[in-house]
Amino acid sequence: MDRFFHPTFGQQVIHSISHLIHNFCLLPLVFFQDDWNIYSFHINSTVSSRYATTVITSRVANRMAESKEVEFHVRIPKNAFITKFRMFIDGQVYDGNVKEKEQAQRQYTTAVSRGQSAGIVSSVGRTLEEFKTSVTVSAHNKVTFELTYEELMKRTLGKYELQIHARPMQPVKDFKIDVHVQEKAGISFLDVKGGLSTNALANAITQTQADEQAWVHFYPTEDQQKACDSCDEQGLNGDLVIVYDVNRNSTLGDIMVSKGYFVHHFAPANLSRIPKNVVFITDRSDSMYGSKIEQTRTALIHILGDLAEDDYFGLITFDDKIFHWKQELVQANSANLDSAKNFAREISDRGGFDIDRAVLEGSNMLNAHLREGSASLLILLTDGDPTLGETNVERIHSNVRQAIAGKFPLYCLGFGFDVNFEFLEKMALQNNGVARRIYEESDAAIQLKGFYEEVATPLLTDVTMSYKGGSNLTQTVFSQYYNGSEIVVAGQIDDNNIDSFIPQAVRTERKTFSETNSPVETSETVSDNQTQRVWAYLTVKQLLQKELLMSGSEKEEVKKNILELSLKYSFVTPHTSMVVTKPPGETADVLDKPKEGNQETHNAYFYFFIIKENVINTNH
Ligand SMILES: *[C@@H]1O[C@H](CO)[C@@H](O)[C@H](O)[C@H]1NC(C)=O
Ligand SMILES: *[C@@H]1O[C@H](CO)[C@@H](O)[C@H](O)[C@H]1NC(C)=O
Ligand SMILES: *[C@@H]1O[C@H](CO)[C@@H](O)[C@H](O)[C@H]1NC(C)=O
């Protein structure tokens, strides 16, 4: 069966065309930007103990002798939660309110049905989300927009990356990005990267570093704002990425405590790698035709080249049938690797496809080869929904869970946007793994390799973090810990009593990380409630994943918890919205967090891809 003729395809194209038209309709805002002048644009980011709070402030003047609609349009990291939005007009402050999404939507719908314009577009990119609002400013008047968002830095491949996106849509006289990093453990290195960190702008960047603190300032002139690689007459358009890591002196890591809450960062250094058993399951159904299958081949060959001699591996490709390169896992010696690479080179697209059997076969192979002192992992790469064999997603989930039985993690890589990402994400989360989207662009092979590198070096398996005297903990059991990553646990300290609080990290009863002299740091430098906010942030993130795995009344309960925390800490999450209050007579805007994998929110670029693919497939 050819998946490209499934009945919903026509709908996607219609979406795409209306979406394109919609996008073009937004263009006049760009053409008319002379009407208003952004005279100041500041981004101020403070990272304290790996929690970043960023404030974007844009000051705009209406140059015209009549009222004008002035727009505020920014991109923020997907991982972040917006926590605050304000506008200042005529000495008046208009504070946004975080409300339950449904309630906010109701208000919003009323406004729309009164015939007033909608005005919110949010979309999902690889790492950024868009938020946008506008307000009417009277003749020769000014407005200040101020947006705050927060995110917990995630350590990947030995570093944290703070991504700051700047695209004010016009050159700005007073443009500044200020970043302040504070890390008690000490900063081991700090680099400035991203599209804005180019030669043309080099002298606009200053970087200062002390032991525990670092500052980055980016103050480009108006001319520089037009001159950089990704910039033009409309000014800056790109990222500044602050890359850094911290020192790791204590085996138990860093534990910050403040006001009855703690956050523990655990990333032991100097451990030796443990051998791994890995099975790669690759989709070769006809939808993988063209660059997807080519990039998959390239990535697989590279990944095979990175296996160590004491690793064992297996390869499975599948469409409607399952192909084993070898029936069992084999050692990653050079003869086997050469033969496997030849197999990988020959992988080409074929028929329909049976995810269920492929994953079960992979699990069986790993189950037949569990070695003491090694780490097993299963990696699935696919670009579509199951169409053959078992196609009921619930049954696939339960089959897979049974086959894996918590013994090793399953990582699911969803290639492109045709894939049912929620199905993959659920399957991965049910089996201690994660799902990742692979964007169908020229660097797809690099994305695949990048993901593999994150899990390439297991250092610990079955880690249990335990906190005597702590409660309301975030996740404490981790099936594997990889080099370059970090385990983060937050919780509350019973009776705010640090003396009876004893943290430990235990690995399968055999190895225990603990420290006799208390590694607990009471931090007063960290702003008042930050530790608590980190706890809330992590709790909400993990509840959102849990919600995906639940159904019925359990799901409702989790949703209720998410909502309570989001409202209490003012997080814009998938269950809340930011209602932007405006001067009398104007409609409130509702800012939502876009949903990963939601077809309608993707940008025009992606739709061009679908159309192109369809042409290829109808011709062959
Ligand atoms: C950035 O924000 C921090 C924390 O709110 C504040 O202390 C600092 O003065 C701000 N920096 C600038 C340049 O505005
Ligand atoms: C872990 O990664 C670091 C670089 O981030 C490297 O220096 C170290 O050798 C790696 N450890 C192992 C066991 O591979
Ligand atoms: C844990 O959370 C519950 C529910 O929010 C709360 O009643 C309890 O006091 C919390 N525990 C601690 C130690 O604060």
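All heavy atoms count here, side chains included; hydrogens, waters and symmetry mates do not. Ligands are counted one by one from 1 in listed order, and the atoms in each one are counted from 1 as well.
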Just list the side-chain donor-acceptor pairs under 3.5 Å for residues 190-210, sequence neighbours left out, or say none.
from : atom 1 : to   : atom 2 : distance (Å)
S197 : OG     : V192 : O      : 3.1
N203 : OD1    : Q224 : NE2    : 2.5
Q207 : NE2    : L190 : O      : 3.0

Practice item. Pick whichever of L271, T457, I274, N483 has a heavy atom sitting closest to atom 2 (O) of ligand 2. Key: N483

Exercise for review: Ignoring hydrogens, tell whether any protein atom lies closer than 4.0 Å to atom 4 (C) of ligand 2; use the non-hydrogen atoms only.
Suggested key: no

Review point. Any Lys/Arg nitrogen of R273 or D311 sitting under 4.0 Å from an Asp/Glu carboxylate oxygen of the other?
Key: yes

Practice item. Check whether any protein heavy atom sits under 4.0 Å from atom 11 (N) of ligand 1. Key: yes

Check your understanding: Considering all protein heavy atoms, does one lie under 4.0 Å from atom 14 (O) of ligand 1?
Key -> yes

Review point. Looking at atom 7 (O) of ligand 2, is any protein heavy atom nearer than 4.0 Å to it?
Key: no

Review point. Is the centre of the F262 ring less than 6.0 Å from the centre of the Y467 ring?
Key: yes

Review point. Which atoms of ligand 1 sit under 4.0 Å from any heavy atom of N44?
Key: 1 (C), 2 (O), 3 (C), 8 (C), 10 (C), 11 (N), 12 (C), 14 (O)

Check your understanding: For the rings on W325 and F280, is their centre-to-centre separation under 6.0 Å?
Key -> no

Exercise for review: Decide if atom NZ of K326 counts as having more than 12 heavy atoms of other residues, nucleotides or ligands within a radius under 6.0 Å.
Suggested key: yes

**Study point:** R273 neighbourhood, listing ligand 2 atoms whose heavy-atom distance to it stays under 4.0 Å
**Key:** 13 (C)

Review point. For ligand 1, which atoms sit closer than 4.0 Å to a heavy atom of D178?
Key: 13 (C)

Review point. Are F85 and F131 near enough that their ring centres are under 6.0 Å apart?
Key: no

